[in-house]
Amino acid sequence: MAEMPGMYANDVYDIAGFALGIVDRKNILPKEAEVGDVLIALPSSGVHSNGFSLVHKVLESQGLRFEDLSPFGGTFADELLKPTNIYVKAILPVLPHVKALAHITGGGLTENIPRVLSKTIGAHIDARHFYIPPVFAWLSSKGNVEDDEMLRTFNCGIGMVLVVSPDKVQEVLGLLVGHEANVIGKLVPVTKIPKQVTVENFGSCLRRAHRTLFSPKKRVGVLISGTGSNLQALIDATKETHVGAEIALVISNKADAFGLQRAKRANIPTVVIQHKDYTTREDFDAAMSKELERQNIDIVCLAGFMRILSAPFVKKWRGRLVNIHPSLLPKFPGVHVQKQALDAKEKFSGCTVHFVDEGVDTGAIILQEIVHVLEDDTEETLTNRIHQAEHVAFPKALKLLASGAVVLDANGKLQWC
Ligand code: GRF
């Protein structure tokens with residue numbers, strides 16, 4: 001048995017299994033990748049099972065045990081032994097459209113991506129386009145691990161990288177809806193970059209992830225008018241502390257909104273502020289603002305809130321006010337958007353999380369999830385699938401906003417930090 005410090009003692013046995021598959025020769029990957037091809041990533045669920053000698057060393061150096069409480073919520077064991085994401089289900093439908101797949105295991109991005117590329121082609125990745133779970137920032141800081149070593153040892157948040165030609169990107173993202181797929185970079189000639197894999201902004205993003213870990217969670221107020229399935233998605237996601245946010249208040253403009261029951265079940269304070277009790281839109285909005293401020297809310301999420309907000313409210317919460325909309329904005333703002341997408345014979349639809357400005361669904365886009373429009377789609381079936389995509393997109397966008405990964409700049413444009 002290979003020597004692995006802290007893992008195997010004498011007379012300890014490990015049982016492993018494996019699966020064997022067959023493939024037609026013509027379908028074998030990798031196919032030849034080219035400069036300009038796009039890299040799409042699927043997130044990891046945590047450290048998976050890589051870098052554990054180092055993990056053990058860091059824990060030991062801190063005098064910590066697996067059962068101790070961690071800063072990530074739960075114990076260190078809860079975080080470090082999270083089951084590894086298995087990508088088969090996500091990957092099977094996209095196989096015909098990808099040129100290569102790099103499973104990011106031991107060796108990280110640095111060593112696994114080159115395995116599917118020729119020596120003359122390199123990968124240029126921007127760390128601002130993927131989420132680095134705080135556990136990696138913690139390991140790097142407590143273990144004094146250099147950035148390059150982090151990238152060579154751990155997956156740092158990415159479990160699988162797909163190499164896709166630029167014309168297939170939309171299609172592949174559409175097929176990966178619900179799997180938090182993101183474009184993270186592209187292939188470049190190796191001569192242009194010093195190493196075969198370059199991860200730009202990695203150090204600053206890692207440091208930011210570290211700050212998130214020790215800064216108080218952002219308090220989120222959610223405004224609803226209806227069933228609140230998006231509210232539920234936010235509640236579920238924020239139970240995981242690394243989102244860096246907690247749902248601290250739910251306001252509804254309707255007393256019978258089902259979302260209120262969801263909030264109560266989760267012990268989240270609720271307030272009903274009915275617009276019909278106010279003579280002007282501004283007065284109604286001011287009452288909401290007052291309540292949000294009373295509860296020290298940092299971020300406001302509109303989750304099926306069916307009121308147009310007045311300019312003073314939008315101005316007051318600028319950069320901290322986000323909405324989810326069931327189309328790929330700027331296409332189809334407003335209402336009945338699925339019908340509009342079907343009438344326009346769109347091949348793709350989806351949802352958008354965006355900052356709110358004074359216009360209707362015009363604010364800077366934080367992220368979008370793509371959904372394929374199927375030939376036999378009705379308004380109802382398409383709406384349902386977009387809804388599912390929303391439940392992935394909204395928590396993801398909140399995580400970016402709460403961690404400071406994205407901000408709205410003075411010109412109303414999105415900035416990645
Ligand atoms: C969602 O489709 C959202 O995009 C739109 O309103 C709907 C709310 O659904 N703004 P739910 O109340 O979260 O289920």
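Throughout, numbering of the chain's residues begins at 1 and tracks the sequence. Order of appearance sets the numbers: ligands from 1, and atoms from 1 within every ligand. Quantities reported herein were computed from a predicted structural model and do not represent experimental measurements.
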Apply ring pair (Phe, Tyr, Trp, His ring centres under 6.0 Å) to the pair Phe76 and Trp138, showing each step before the final yes or no. CA-CA 11 Å; Phe76 280 96; Trp138 185 87; 5.0 Å; yes
Give the atom numbers and elements of ligand 1 that come within less than 4.0 Å of a heavy atom of Thr227. 11 (P), 12 (O), 14 (O)
Looking only at protein heavy atoms, which one is nearest to atom 14 (O) of ligand 1, and how far off is it? Ser229 OG, 2.5 Å
Applying salt bridge (charged side-chain N to carboxylate O under 4.0 Å, His left out) to Asp256 and Lys254, what does each step give before you reach the verdict? CA-CA 6 Å; Asp256 59 354; Lys254 291 194 174 157; over 6 Å; no
Tell me, please, whether Tyr131 has Lys396 positioned over its six-membered ring: NZ or CZ under 6.0 Å from the ring centre and within 45 degrees of its axis? no
Compute the shortest N/O to N/O distance between Asn323 and ligand 1 and return yes if it is under 3.5 Å, no if not. no
Just need the protein heavy atom nearest to atom 4 (O) of ligand 1, so name the residue and atom and give the distance. Glu390 OE2, 2.5 Å
Under-4.0 Å heavy-atom contact with ligand 1, by part of His387 that carries it: side chain
For atom 7 (C) of ligand 1, what is the closest protein heavy atom, and at what distance to 0.1 Å? Gly304 CA, 4.1 Å
Using ring pair (Phe, Tyr, Trp, His ring centres under 6.0 Å), reason through Phe66 and His56 one step at a time and then give a plain yes or no. CA-CA 9 Å; Phe66 272 95; His56 278 276; 5.5 Å; yes
Any Gly228 heavy atom less than 4.0 Å to ligand 1: yes
For Leu187 and Glu34, run side chain to side chain contact (heavy atoms under 4.5 Å, CB included): C-alpha distance rounded to whole Å, both residues' side-chain angles, the deciding distance at 0.1 Å, then the answer. CA-CA 7 Å; Leu187 298 186; Glu34 294 163 53; over 6 Å; no
Is it the case that ligand 1 has an N or O less than 3.5 angstrom from some N or O of Ile324? yes
Can you tell me if Gln274 and Asn253 form a side-chain donor-acceptor pair at under 3.5 Å? no
